[in-house]
Amino acid sequence: MAERELDVLVVGGGIVGAGTALDAATRGLSTGIVEARDWASGTSSRSSKLIHGGLRYLEMLDFPLVREALKERGLLLERLAPHLVKPVPFLYPLQHRGWERLYAGTGVALYDVMSMARGHGRGLPLHRHLSRSHALRVAPCLRKDALVGALQYYDAEVDDARFVATLVRTAVSYGAKAANRARVTGFLREGERVVGVTVEDVEGGGEYEIRARQVVNATGVWTDDTQALVGERGQFHVKASKGIHLVVPRDRIHSSTGLILRTEKSVLFVIPWGRHWIVGTTDTAWDLDKAHPAASSADIDYLLEHVNSVLAVPLTRDDVEGVYAGLRPLLAGESEATSKLSREHTVAHPVPGLVVVAGGKYTTYRVMAEDAVDAAVHGLDRRVAESVTEEIPLLGAEGYPAMWNARERIAARSGLHVARVEHLLNRYGSLADQLLDLIAADPSLGEPLRHADDYLRAEIVYAASHEGARHLDDVLTRRTRISIETFDRGTRSAREAAELMAPVLGWDQDQIDREVEHYEKRVEAERESQRQPDDLTADAARLGAPDIVPL
């Protein structure tokens, strides 16, 4: 990137930054993207894992946002990433007779109509009204006195971190240059104009000047911090709202459908997640450490209390396998309550050569990226093509349906159980062939990890060789979800995973030991933070484990 001037340089490797890099690269622009930590290491790996229109925004009469999100949901399910984005059913328990069924039913019916009107929602089943007895057959976990009936509707879910990594790889396949562990330390200026950035190579040391005709700041909750490096006041501010999630085993909640519950502040989801459930989320202001937001004991109690209000067999702390906390980047408005701040996105051109994009929600990343590149294009003195990302499938999407249909034949050929082949196809799509090649070359890679048997040993090697993972934490937390899907939080898998990564990344025994020790300290710091009563004490406890490569 430092060798010649780029057309567009994107700062920030979350969902919006990755989408912006793909949008720019597929318009024929020379493009780079840099990320200070790992891809999706901030907000974009800690969401509710939902691709959805946002029913609660419909209640707020924010029809444009819902319409836009439903179109994007359909595109992702049907064209852009069918291997990564999957339909998921939700049950909404009704607690009042008559009026609530009419009120909620009208809203969900409108949701379906808006989805189909965009031309990309016909693949999902329509909502249906259920009696109490029917709802209890679908979700026996519910207390009989917790509902008088129910509505069932469909949305979609995604492994958010895997999606971002795939998005970056897709951008690279179209010519973008990408570097994680590359921290922007300042902006290059010529008079008023921003002409590039200075970047520190966090892994190898050294500082580079990368020049670009347009720089896009897509740093989410770090937007204000990045703007401060420019020395210019932003035209808007971004506030962080913390949301925490609990992961519990599938057998703790007896249901064939997800749940959506109303709370006094927001909504609560119980989301099917492989052999687990994700329960979330909270919505509280956060102004402490942005890199590692901490979940306190009070946060966990809040979620347990609300989900237990409808469960026949309550969840306890002992049922919780994993906990994670993320930050929503909300555009600062007039209201102090973060749940009322805008989920709309905005794009600004605060100084020549610099575009800032912020706000929005995960589902609408592609629209945000298109708007950001449109703004950047205005600063390029030449004609540039319109966005084409509506037509660009992500890596792994092309050929996925055919491989899915052939999964039994692939299983027979590879020697893997068909369930393992399905797992690979739903994580890598048609790129699963690359993992099967690794296994063919070394059959031991076809074995599951000893203490995290949802994942094959080949996936650990592939994360380091193909997916940009630089450290053990990258693999256990983002390339896989072992850190939240096992009761030991991945500590028993750490050494085996590190030893699989070592030959790929050139680690010696000292580095293996260092990676494992760092990961164990991180897990212990997170556990300690979750025992603390409030945000301040939880944040202090979590900061007890520094990053393996401090920024």
Side-chain angles (χ1 to χ4, degrees), residues 43 46-50 56 90 92-93 95 139 141-143 145-147 240-255 258-273 276-290 292-328 336-340 481 483-490 522-545:
T43 304
R46 308 177 196 188
S47 74
S48 295
K49 323 295 186 216
L50 291 177
R56 73 186 180 115
F90 284 101
Y92 177 67
Q95 297 177 316
C141 60
L142 293 173
R143 276 182 19 213
D145 62 351
L147 71 164
S241 166
K242 184 179 71 169
I244 83 141
H245 299 79
L246 311 180
V247 181
V248 299
R250 195 64 179 263
D251 62 5
R252 300 303 199 272
I253 300 176
H254 189 195
S255 176
L259 305 173
I260 175 173
L261 312 169
R262 186 184 293 276
T263 72
E264 69 277 10
K265 295 179 182 176
S266 184
V267 292
L268 186 76
F269 287 100
V270 181
I271 305 162
W273 180 255
H276 317 269
W277 296 97
I278 292 175
V279 180
T281 178
T282 57
D283 192 351
T284 54
W286 180 264
D287 57 6
L288 301 168
D289 180 56
K290 295 187 183 79
H292 305 294
S296 69
S297 181
D299 292 327
I300 296 169
D301 287 343
Y302 173 87
L303 287 183
L304 289 176
E305 177 188 343
H306 280 80
V307 75
N308 284 340
S309 69
V310 300
L311 294 181
V313 180
L315 296 175
T316 69
R317 287 284 186 114
D318 292 338
D319 295 320
V320 177
E321 284 178 292
V323 181
Y324 66 93
L327 300 176
R328 302 174 192 86
E336 283 300 307
T338 57
S339 58
K340 294 179 182 177
R481 293 304 191 159
S483 67
I484 58 172
E485 292 177 348
T486 57
F487 280 105
D488 61 83
R489 310 276 174 98
R522 196 211 84 167
V523 169
E524 182 47 45
E526 287 185 349
R527 286 188 187 278
E528 183 60 30
S529 70
Q530 291 154 22
R531 291 189 278 264
Q532 301 306 311
D534 54 40
D535 284 353
L536 274 173
T537 51
D539 179 64
R542 176 59 187 87
L543 291 176

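Just so you know, residue 1 is the first one in the sequence shown, and it goes up from there.
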Enquirer: Taking all atoms of both residues into account, what is the closest heavy-atom pair of Thr281 and Arg328, and its distance?
Expert: CG2-NH2, 3.1 Å
Enquirer: What are the two closest heavy atoms between Leu259 and Ala139, and how far apart are they?
Expert: CD2-CB, 4.4 Å
Enquirer: Which pair of non-hydrogen atoms, one from Asn308 and one from Leu315, has the smallest distance, and what is that distance?
Expert: OD1-N, 2.7 Å
Enquirer: Is there a side-chain contact between Arg522 and Arg542 in this structure, where contact means two heavy atoms from C-beta onward sitting under 4.5 Å apart?
Expert: yes
Enquirer: Is there a donor-acceptor pair under 3.5 Å between the side chain of Asp539 and the backbone N or O of Leu536?
Expert: no
Enquirer: Please report the interatomic distance CD1(Ile278) to NZ(Lys49), rounded to the nearest 0.5 Å.
Expert: 5.5 Å
Enquirer: Flag the pair Trp277 / Pro272 as yes when at least one side-chain heavy-atom distance between them is below 4.5 Å, and no otherwise.
Expert: yes
Enquirer: For residues Ser529 and His292, determine if any side-chain heavy atom of one lies less than 4.5 Å from a side-chain heavy atom of the other.
Expert: no
Enquirer: Using the rule side-chain hydrogen bond (donor to acceptor under 3.5 Å, both in side chains), only one of Arg252, Arg250, Arg481, Glu321 pairs with His276; which is it?
Expert: Glu321
Enquirer: Is there a donor-acceptor pair under 3.5 Å between the side chain of Thr43 and the backbone N or O of Gly326?
Expert: no
Enquirer: I need the minimum non-hydrogen distance between Leu246 and Leu304, along with the two atoms involved.
Expert: CD1-CD2, 3.8 Å
Enquirer: Tell me yes or no: between the side chains of Glu528 and Gln532, is some donor less than 3.5 Å from an acceptor?
Expert: yes
Enquirer: So that I can tick it off, tell me whether Glu524 and Arg531 are bridged by a salt bridge, with the cut-off set at under 4.0 angstrom between side-chain N and carboxylate O.
Expert: yes
Enquirer: Measuring from atom OG1 of Thr537 to atom CG of Asp534, what distance do you get when rounded to the nearest 0.5 angstrom?
Expert: 3.5 Å
Enquirer: Can you confirm whether Pro93 sits close enough to Leu261 that some side-chain heavy atom of one is under 4.5 Å from a side-chain heavy atom of the other?
Expert: yes
Enquirer: Is the closest side-chain donor-acceptor distance between Arg317 and Ser297 under 3.5 Å?
Expert: yes
Enquirer: Roughly how far, to the nearest 0.5 Å, is OG of Ser483 from CG of Asp488?
Expert: 10.5 Å
Enquirer: How far does CG of Asp145 sit from CD of Gln95, to the nearest 0.5 angstrom?
Expert: 9.5 Å
Enquirer: Rounded to the nearest 0.5 Å, what's the gap from CG on Leu50 to CZ on Phe90? Could you check?
Expert: 5.0 Å
Enquirer: Check the orientation of His245 and Tyr324. Use parallel for under 30°, tilted for 30 to 60°, and perpendicular for over 60°.
Expert: parallel
Enquirer: Given Lys242, which partner from the list Asp289, Asp283, Asp299 fulfils the salt bridge (charged side-chain N to carboxylate O under 4.0 Å, His left out) test?
Expert: Asp299
Enquirer: Applying side chain to side chain contact (heavy atoms under 4.5 Å, CB included), run through Val310 and Leu147 and close with a yes or a no.
Expert: CA-CA 8 Å; Val310 300; Leu147 71 164; over 6 Å; no
Enquirer: Which atom names give the shortest non-hydrogen contact between Ala295 and Val323, and what distance separates them?
Expert: CB-CG1, 3.6 Å
Enquirer: Show the nearest heavy-atom pair for residues Pro249 and Phe487, with the distance to one decimal.
Expert: CG-CZ, 3.7 Å
Enquirer: Quick one: CG on Leu288 to CG on Asp535, what's the gap to the nearest 0.5 Å?
Expert: 6.5 Å
